[in-house]
Amino acid sequence: PPDVEQLGRATWTFLHTTAAYYPDKPTPTQRANMLMLLRSLPIVYPCTWCATDFGEEIEKSKPDVSSRVALSRWLCEQHNTVNEKLGKEKFDCAKTDERWKDGPAD
Ligand code: FAD
């Protein structure tokens with residue numbers, strides 16, 4: 001089975017970084033592709049219970065692929081939902097760019 005923690009860190013890094021560099025004004029094709037990427041996760045993600053819960057969450061709160069800022073915020077909120085579930089600290093979504101775009105890598 002996959003290392004759920006390492007897989008999670010790698011996946012969040014990929015998703016938040018991708019959102020941080022997503023266009024301010026995405027074309028319909030760019031939106032459709034991002035939506036497909038997010039909607040694929042509940043199907044392909046190899047931590048099956050993570051995938052099932054994430055699938056339910058994105059039904060409750062539809063992915064907002066309308067802009068870079070909107071997508072970054074939506075993803076931050078999704079990550080916070082998982083943080084809460086796991087008893088981790090919530091992340092301040094105002095700091096998303098600092099962490100994933102402008103700031104130093106960790
Ligand atoms: P991570 O949560 O991996 O975070 C990595 C870094 O992201 C942090 O160091 C911080 O700098 C930054 N960060 C934290 N919160 C936010 C935020 N809200 N917005 C932006 N940046 C942030 N694990 C389970 O055990 N059970 C699950 O059900 C589960 N579901 C998951 C679902 C998905 C879709 C994903 C991608 C992962 C899931 N995981 C799950 C893994 C889990 O979320 C963590 O990745 C893992 O526990 C490692 O945690 P971590 O403390 O190293 O930091």
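Both ligands and their constituent atoms are indexed starting at 1 by order of listing.
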For Thr27 and Asn33, run side chain to side chain contact (heavy atoms under 4.5 Å, CB included): C-alpha distance rounded to whole Å, both residues' side-chain angles, the deciding distance at 0.1 Å, then the answer.
CA-CA 10 Å; Thr27 64; Asn33 280 305; over 6 Å; no

Can you confirm whether [X] sits close enough to [Y] that some side-chain heavy atom of one is under 4.5 Å from a side-chain heavy atom of the other?
X     : Y      : value
Pro42 : Ile58  : yes
Val4  : Cys50  : yes
Tyr21 : Lys101 : yes
Phe54 : Glu59  : no
Glu89 : Asn83  : no

Regarding [X] and [Y], does a basic nitrogen lie under 4.0 Å from an acidic carboxylate oxygen?
X     : Y     : answer
Glu77 : Arg73 : yes
Lys60 : Glu57 : yes
Asp64 : Arg31 : no

How does Leu41 reach ligand 1, by side chain, by backbone, by both or by neither, if only non-hydrogen atoms under 4.0 Å count?
neither

Measure Asn83 to ligand 1 on non-hydrogen atoms and call it side chain, backbone, both or neither using the 4.0 Å cut-off.
side chain

Kindly identify the option in [options] whose heavy atom sits closest to [atom].
atom                    : options              : result
atom 44 (C) of ligand 1 : Phe14, Trp12, Phe91  : Trp12
atom 6 (C) of ligand 1  : Phe54, Tyr45, Trp100 : Trp100
atom 2 (O) of ligand 1  : His79, Lys90, Lys88  : His79

Are any of the N or O atoms of [X] closer than 3.5 Å to those of ligand 1?
X     : value
Glu77 : no
Thr96 : no
Arg99 : yes

Sequence-distant partners of Trp74, ring pair (Phe, Tyr, Trp, His ring centres under 6.0 Å), two or more places apart:
none

If you count the atoms of ligand 1 from 1 in the order shown, which ones are under 4.0 Å from a heavy atom of [X]?
X     : value
Lys85 : 27 (C), 28 (O)
His16 : 19 (N), 20 (C), 21 (N)
Val82 : 29 (C), 30 (N), 31 (C), 43 (O)
Thr11 : 36 (C)
Glu5  : 46 (C), 47 (O), 48 (C)
Cys76 : 17 (C), 18 (N), 19 (N)
Asn80 : 18 (N)

